Number of protein chains: 2
Amino acid sequence: MLSLGQKVELLKVISHPVRIKILEELVKGVKCVSDFEEFLEIRQPNISQHLTLLRHFGVVDYYMDGRLRCYFLVHPLIPDLLELLRKDYYESLPRPACCPVTKKGVYPGERKR
Amino acid sequence: MLSLGQKVELLKVISHPVRIKILEELVKGVKCVSDFEEFLEIRQPNISQHLTLLRHFGVVDYYMDGRLRCYFLVHPLIPDLLELLRKDYYESLPRPACCPVTKKGVYPGERKR
DNA sequence: TACATATATTCTTATTTTTGAATATATTAA
DNA sequence: TTAATATATTCAAAAATAAGAATATATGTA
């Protein structure tokens, strides 16, 4: 299992709108840097910066084909994670019935303030 | 489904070692602020700050029982997300066989540089 | 009422993250 | 060799995040 630090590292590196978009594309298949330029409204150097970051943390890798760099996913958790984020949850979790300390069971009911 | 912005927001708010620890505890059940003091090596005001942040983003909520504030999970994605992070993945994703642009199939093979 | 307990808020500072601009490198083609 | 293309790097500035200290608030109890 990932250590706490690894979990945080992984979550942080994908917690960015551009990087999530990049990953959503990469689950569909390989993409070169210039492919990303077509649907991200940022400049090429910035795309490279994000890709470099993702690679640095072991989320993606690339291979070279001529002057193209073809990026692909390597971290096996990413597809599952993205799928989970795509899920629809219609309800909140059930609210606990009582306080475990006082056992008073004040809740459910009015919440002061 | 969550919007891109909501996904980022959710991921960011849980991308912190203290907040993950808090959430890992909360999946087990309700906990008051002072309960967290027992296993987090930070001061109470800082714990409150993290809890307030989590509440602000709809991840947790609390009810009051006397002077205790009993926190609990409300965001239904959290337990599934934490479970996913606990999973073991032994292999990287399969590497693609060729570049979709040039179809050259340079990879697998040597990667220059 | 006065005090103790449980928790929150505010403010400041330090750190990290993000972006943009400019530039550099590598590969291919002419 | 020169030029063009594809991509990366560096640096500086801006913005967001995090933590600590001090203090405030609310509730319960003597």
Side-chain angles (χ1 to χ4, degrees), chain A residues 4-5 8-22 30-38 40-57 59-72 99-102 104 106-107 110-113, chain B residues 4-5 8-22 26 30-38 40-57 59-72 99-102 104 106-107 109-113:
Chain A
L4 178 62
V8 172
E9 190 177 82
L10 179 67
L11 290 173
K12 275 183 126 164
V13 84
I14 66 177
S15 301
H16 188 286
V18 167
R19 296 196 292 268
I20 290 200
K21 278 191 182 178
I22 289 175
V30 192
K31 280 225 155 23
C32 307
V33 179
S34 38
D35 297 331
F36 293 116
E37 295 188 62
E38 288 167 25
L40 296 175
E41 303 92 55
I42 56 175
R43 311 286 168 93
Q44 174 274 317
N46 198 3
I47 294 175
S48 272
Q49 287 169 333
H50 287 297
L51 287 169
T52 298
L53 192 66
L54 288 168
R55 198 171 87 90
H56 184 77
F57 287 102
V59 174
V60 305
D61 199 0
Y62 67 85
Y63 60 89
M64 297 186 70
D65 185 350
R67 46 189 164 187
L68 300 178
R69 284 202 185 187
C70 306
Y71 280 84
F72 53 92
C99 171
V101 179
T102 67
K104 270 192 193 165
V106 165
Y107 196 88
E110 298 311 298
R111 210 179 64 213
K112 299 153 196 166
R113 208 186 168 197
Chain B
L4 178 62
V8 172
E9 189 177 82
L10 179 67
L11 291 173
K12 277 183 126 163
V13 84
I14 67 177
S15 301
H16 188 286
V18 166
R19 294 196 292 268
I20 291 200
K21 278 191 183 179
I22 287 175
L26 288 181
V30 193
K31 279 226 156 22
C32 307
V33 180
S34 40
D35 296 332
F36 293 114
E37 295 187 63
E38 287 168 24
L40 298 174
E41 301 92 55
I42 57 176
R43 310 286 168 95
Q44 174 272 319
N46 198 3
I47 294 176
S48 272
Q49 287 171 332
H50 287 297
L51 288 169
T52 299
L53 193 67
L54 288 168
R55 198 171 87 90
H56 184 77
F57 287 102
V59 175
V60 305
D61 197 1
Y62 67 86
Y63 59 89
M64 297 188 69
D65 186 351
R67 46 190 165 187
L68 300 178
R69 284 203 184 186
C70 305
Y71 279 84
F72 53 90
C99 171
V101 178
T102 67
K104 272 192 191 164
V106 164
Y107 195 89
E110 297 311 298
R111 210 178 64 209
K112 298 152 194 165
R113 212 186 166 199

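Being a predicted model, the structure only gives us computed values, none of them experimental. Letters A, B, ... are given to chains in the order of the sequence lines, protein chains preceding strands, and every chain is numbered from 1.
Between Val33(A) and Lys12(A), it is Val33(A) whose nearest contact on DNA chain D lies nearer the 5' terminus.
Here the C1' atom of nucleotide dA4(D) and the CG atom of Leu68(A) are 14 Å apart, to the nearest Å. If you measure from atom CE of Met64(A) to atom C1' of dA6(D), you get 9 Å, rounded to the nearest angstrom. Computed from coordinates, the Phe57(A) CZ to dT17(C) P distance equals 7 Å when rounded to whole Å. Whole-Å rounding puts the His56(B) NE2 to dA16(D) P distance at 14 Å. One interatomic measurement links the two molecules: CG of Asn46(B) to P of dT7(C), which rounds to 15 Å at whole-angstrom precision.
Under 4.0 angstrom from either OP1 or OP2 of dT18(C) there lies no side-chain N or O belonging to His50(A). Listed pair Ser48(A) / dT9(D) fails the phosphate criterion, with no side-chain N or O lying under 4.0 Å from OP1 or OP2. At dA8(D), one or more side-chain N or O atoms of Arg69(A) fall inside 4.0 Å of OP1 or OP2 (strictly under the cut-off).
Looking at Phe36(B), Tyr62(B), Tyr63(B) one by one, the single match for ring pair (Phe, Tyr, Trp, His ring centres under 6.0 Å) with Tyr71(B) turns out to be Tyr62(B).
Residue-to-nucleotide contacts include a donor-acceptor pair under 3.5 Å from the side chain of Gln49(B) to the base of dT10(C). Side-chain N/O atoms of Gln44(A) and base N/O atoms of dA8(D) include a donor-acceptor pair closer than 3.5 Å.
Backbone-only contact: Tyr71(B) has heavy atoms under 4.0 Å from sugar-phosphate atoms and none from a base. The residue Ser34(A) sits close only to the backbone: its heavy atoms come under 4.0 Å of sugar-phosphate atoms, none of a base.
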Check against side-chain contact (heavy atoms from CB on, under 4.5 Å), Asn46(A) and Val18(A): CA-CA 10 Å; Asn46(A) 198 3; Val18(A) 167; 6.0 Å; no

Stepwise side-chain contact (heavy atoms from CB on, under 4.5 Å) test for Leu26(B) and Val59(B): CA-CA 11 Å; Leu26(B) 288 181; Val59(B) 175; over 6 Å; no

Phe72(A) vs Asp61(A), side-chain contact (heavy atoms from CB on, under 4.5 Å): CA-CA, chis, key distance, verdict: CA-CA 6 Å; Phe72(A) 53 92; Asp61(A) 199 0; 3.9 Å; yes

Check against side-chain contact (heavy atoms from CB on, under 4.5 Å), Leu40(A) and Ile22(A): CA-CA 9 Å; Leu40(A) 296 175; Ile22(A) 289 175; 3.9 Å; yes

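Partners of Gln44(A) according to the side chain to side chain donor-acceptor pair (under 3.5 Å) rule, which considers only residues two or more places apart in sequence or in another chain, are Ser48(A).
Between the side chain of Arg19(A) and the backbone N or O of Leu54(A) there is no donor-acceptor pair closer than 3.5 Å. The backbone N or O of Cys32(A) sits less than 3.5 Å from a side-chain atom of Asp35(A), completing a donor-acceptor pair.
Which of dA29(C), dT27(D), dT7(D) sits closest to the side chain of Arg67(A) comes down to dA29(C).
His16(B) has its side chain out of reach of Val8(A): every pair of non-hydrogen atoms, C-beta onward, lies at least 4.5 Å apart.
Residues of residues 14-22 of chain A having a heavy atom closer than 4.0 Å to DNA chain C, listed by number: His16(A), Arg19(A).
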Under 3.5 Å, which protein N or O atoms sit close to an N or O of nucleotides 12-15 of chain C? Give each pair with its distance.
none

